[in-house]
Amino acid sequence: MILAYFSLIWSNDFHLFYSPSPIMEQKGGIDMDFYIVDVFAEEKYQGNQLAVLVPESNLTRKEMQQIAKEIHFSETSFIMSNKQENGGYDVRIFTPDEEVPFAGHPTLGTAYIINRIMENGKASKVVLNLPVGQIPVVFNGDTLTMSQNEPSFDMKIDQLEFVARVLNIQVEDIRTDFPIQLVSTGLPCIIVPLKSVDGVQRCSIDPLQFKRFLETYYKCNLLVFSEEESRDPNCLRVRVFMSDTGFYEDPATGSANGNLAGYLLKYRFFDKEKIDVRVNQGYEMGRPSNVNMAAKLKNGTYDIQIGGKVQLVAKGDWLSSD
């Protein structure tokens with residue numbers, strides 16, 4: 001059964017189409033539009049891929065999970081309302097393994113599609129209704145910026161040898177002046193500070209050790225970071241390793257970088273209560289991603305803004321499996 005057909009947007013004046021004729025003969029017909037976007041991308045085929053689906057009828061959670069597993073991007077989102085409900089658009093987000101209450105690049109990518117197809121490209125702000133609450137996304141030219149929730153700071157991990165085995169690096173690569181800690185602004189991750197970009201680049205997940213690590217501490221993504229050494233001093237190199245099946249690497253992670261922003265402020269990494277940082281992620285995967293991180297801490301309150309550009313890559317139709 002053919003489930004989808006789509007057009008790849010190669011350039012402004014050239015499209016590659018899969019002929020719709022045989023697809024339209026499939027029993028069940030077309031159920032919904034879908035779009036593929038690259039998020040935190042300066043141009044197409046960079047950043048993090050996202051599939052956004054717009055159901056024309058109700059889908060069960062099982063059906064949405066099956067679609068996310070079929071697409072098998074790090075996340076797939078579903079726009080559940082074609083107009084604003086309770087001040088925003090209802091959205092659900094799935095990894096190939098499970099539904100998540102919040103994720104960064106799906107928030108920006110979904111807001112981009114909502115603005116494009118439902119707001120006729122005229123919105124200055126789109127609000128997403130997610131399980132973690134309402135997340136506003138602001139449009140400023142070709143850059144989208146989302147506000148993330150107040151961070152929570154949970155367990156600290158002092159087993160450096162264990163962490164080093166998980167990442168296939170040396171204990172000496174890990175900084176000891178800042179903690180390894182579980183942080184969340186809606187989707188938790190464990191943050192590991194490293195001494196150098198070389199250390200970040202050498203990280204390679206040991207699947208068996210990572211499985212034990214997640215069972216021992218907390219099932220969530222793992223973020224490693226260091227300061228960039230040859231670029232602007234307000235620039236970080238980040239890699240994020242996912243806790244989903246396969247323990248794959250994520251090329252751009254808005255939620256985890258929001259967690260990192262809170263961490264940097266709490267521990268005064270830059271010795272400031274206000275930061276404006278560029279994050280380079282995905283370079284080791286061949287999908288360079290640029291994440292804009294602006295955050296401040298005032299009177300115990302965090303204001304975390306994560307932004308970047310979104311590129312439309314493809315659009316098409318998802319077919320019923322009837």
Side-chain angles (χ1 to χ4, degrees), residues 4 6 30-41 47-68 71 73-95 98-150 185-187 252-255 257-258 291-292 303-318:
F6 57 92
I30 294 172
D31 277 351
M32 56 190 147
D33 295 334
F34 76 94
Y35 301 83
I36 294 174
V37 292
D38 290 336
V39 185
F40 299 117
N48 203 349
Q49 300 154 300
L50 174 71
V52 183
L53 292 99
V54 188
E56 295 181 2
S57 58
N58 291 332
L59 292 175
T60 66
R61 181 172 182 170
K62 179 180 178 181
E63 288 171 326
M64 287 186 277
Q65 187 65 72
Q66 288 174 325
I67 291 169
I71 294 171
F73 290 164
S74 55
E75 280 100 8
T76 295
S77 67
F78 298 83
I79 302 172
M80 308 305 294
S81 54
N82 59 12
K83 61 181 180 179
Q84 294 198 54
E85 304 283 352
N86 300 316
Y89 289 88
D90 294 341
V91 172
R92 298 177 70 175
I93 302 170
F94 288 77
T95 75
E98 62 185 352
E99 185 172 8
V100 293
F102 168 72
H105 92 275
T107 296
L108 292 188
T110 305
Y112 173 90
I113 293 300
I114 288 172
N115 186 35
R116 184 182 180 97
I117 68 173
M118 297 173 182
E119 299 286 346
N120 298 314
K122 298 179 180 179
S124 59
K125 181 174 77 171
V126 168
V127 176
L128 271 58
N129 297 329
L130 296 173
V132 297
Q134 292 190 319
I135 303 295
V137 178
V138 174
F139 295 79
N140 184 9
D142 58 358
T143 299
L144 287 71
T145 303
M146 63 182 165
S147 299
Q148 294 191 201
N149 291 338
E150 286 274 323
T185 59
L187 189 66
T253 319
S255 58
N257 278 297
V291 180
N292 302 325
D303 179 4
I304 296 174
Q305 308 287 326
I306 299 295
K309 297 179 181 179
V310 178
Q311 311 294 336
L312 179 62
V313 177
K315 58 182 178 180
D317 301 293
W318 197 269

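If you're wondering where the values come from, they're calculated on a predicted model, not measured in any experiment. Sequence positions, counted from 1, serve as the residue numbers for this chain.
Summarising the geometry of Pro131 relative to Val91, their closest heavy-atom pair is CD-O, 4.5 Å, with the distance given to 0.1 Å. Taking both residues in full, the closest heavy atoms of Val54 and Met32 are given as O-CB, 3.0 Å, listed atom of the first, atom of the second, then distance. Taking every heavy atom of both residues into account, Pro101 and Gly186 meet most closely at CG-O, 3.7 Å. Smallest separation of non-hydrogen atoms from Asn115 and Ala123: OD1-N, 2.9 Å. Of all heavy-atom pairs between Ile113 and Ile79, the closest is CG2-CD1, 4.1 Å. Minimum interatomic distance between Gly258 and Gln148 (heavy atoms only, all atoms of both residues): CA-NE2, 3.2 Å.
Without hydrogens or angle criteria, Thr253 side chain to Ser255 main chain gives no donor-acceptor distance under 3.5 Å.
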**Item:** Stepwise side chain to side chain contact (heavy atoms under 4.5 Å, CB included) check, Ile36 with Phe73
**Value:** CA-CA 10 Å; Ile36 294 174; Phe73 290 164; 4.1 Å; yes
**Request:** Dump the intermediate steps for side chain to side chain contact (heavy atoms under 4.5 Å, CB included) on Asn292 and Thr145, then the final yes or no.
**Result:** CA-CA 8 Å; Asn292 302 325; Thr145 303; over 6 Å; no
**Request:** Could you walk me through whether Asp90 and Arg92 pass the side chain to side chain contact (heavy atoms under 4.5 Å, CB included) test, one step at a time?
**Result:** CA-CA 7 Å; Asp90 294 341; Arg92 298 177 70 175; over 6 Å; no
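Here the OG1 atom belonging to Thr110 is positioned 10.5 Å from the CZ atom belonging to Phe78, to the nearest 0.5 angstrom. Here the CD-CD1 distance, from Gln49 to Ile71, works out to 11.0 Å after rounding to the nearest 0.5 Å. Atom NE2 of His105 is separated from atom CD1 of Ile93 by 9.0 Å, given to the nearest 0.5 angstrom. With rounding to the nearest 0.5 Å, the separation of CD1 in Ile114 from OG in Ser77 is 8.0 Å. Rounding to the nearest 0.5 Å places CG of Asn82 at 6.0 Å from CE of Met118. Separating the CD1 atom in Ile304 from the CE atom in Met146 is a distance of 10.5 Å, to the nearest 0.5 Å.
Residues Val126 and Phe139 form a side-chain contact, since some pair of their non-hydrogen atoms from C-beta on lies under 4.5 Å apart. Under the 4.5 Å side-chain criterion, counting only non-hydrogen atoms from C-beta, Val52 is not in contact with Arg116. The side-chain heavy atoms of Glu63 and Pro55, taken from C-beta on, include no pair separated by under 4.5 Å. The closest side-chain heavy-atom distance from Arg61 to Gln65 is not below 4.5 Å. Using a 4.5 Å cut-off on side-chain heavy atoms (C-beta onward), Tyr35 and Ile117 make contact. Counting heavy atoms from C-beta outward, Ile135 and Asn149 have side chains that approach closer than 4.5 Å. When side chains are defined from C-beta on, Phe40 counts as touching Leu108, because their heavy atoms get closer than 4.5 Å. Between Glu99 and Met64 the shortest side-chain heavy-atom distance does not fall below 4.5 Å.
Counting heavy atoms of neighbouring residues, nucleotides and ligands inside a 6.0 Å radius, atom CG of Asn140 does not exceed 12 of them.
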Taking only distance into account, with no hydrogens and no angle test, what donor-acceptor pairs under 3.5 Å do side-chain atoms of residues 305-313 form with protein atoms, sequence neighbours excluded?
from: Gln305; atom 1: OE1; to: Ser147; atom 2: OG; distance (Å): 3.1
from: Gln305; atom 1: NE2; to: Ser147; atom 2: OG; distance (Å): 3.0
from: Gln305; atom 1: NE2; to: Asp303; atom 2: OD1; distance (Å): 2.8
from: Lys309; atom 1: NZ; to: Glu42; atom 2: OE1; distance (Å): 3.3
from: Gln311; atom 1: NE2; to: Ala41; atom 2: O; distance (Å): 3.0
from: Gln311; atom 1: NE2; to: Glu42; atom 2: O; distance (Å): 3.3

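For the pairing with Tyr89, the side chain to side chain donor-acceptor pair (under 3.5 Å) check across Glu119, Gln84, Gln134 returns one residue only, Glu119.
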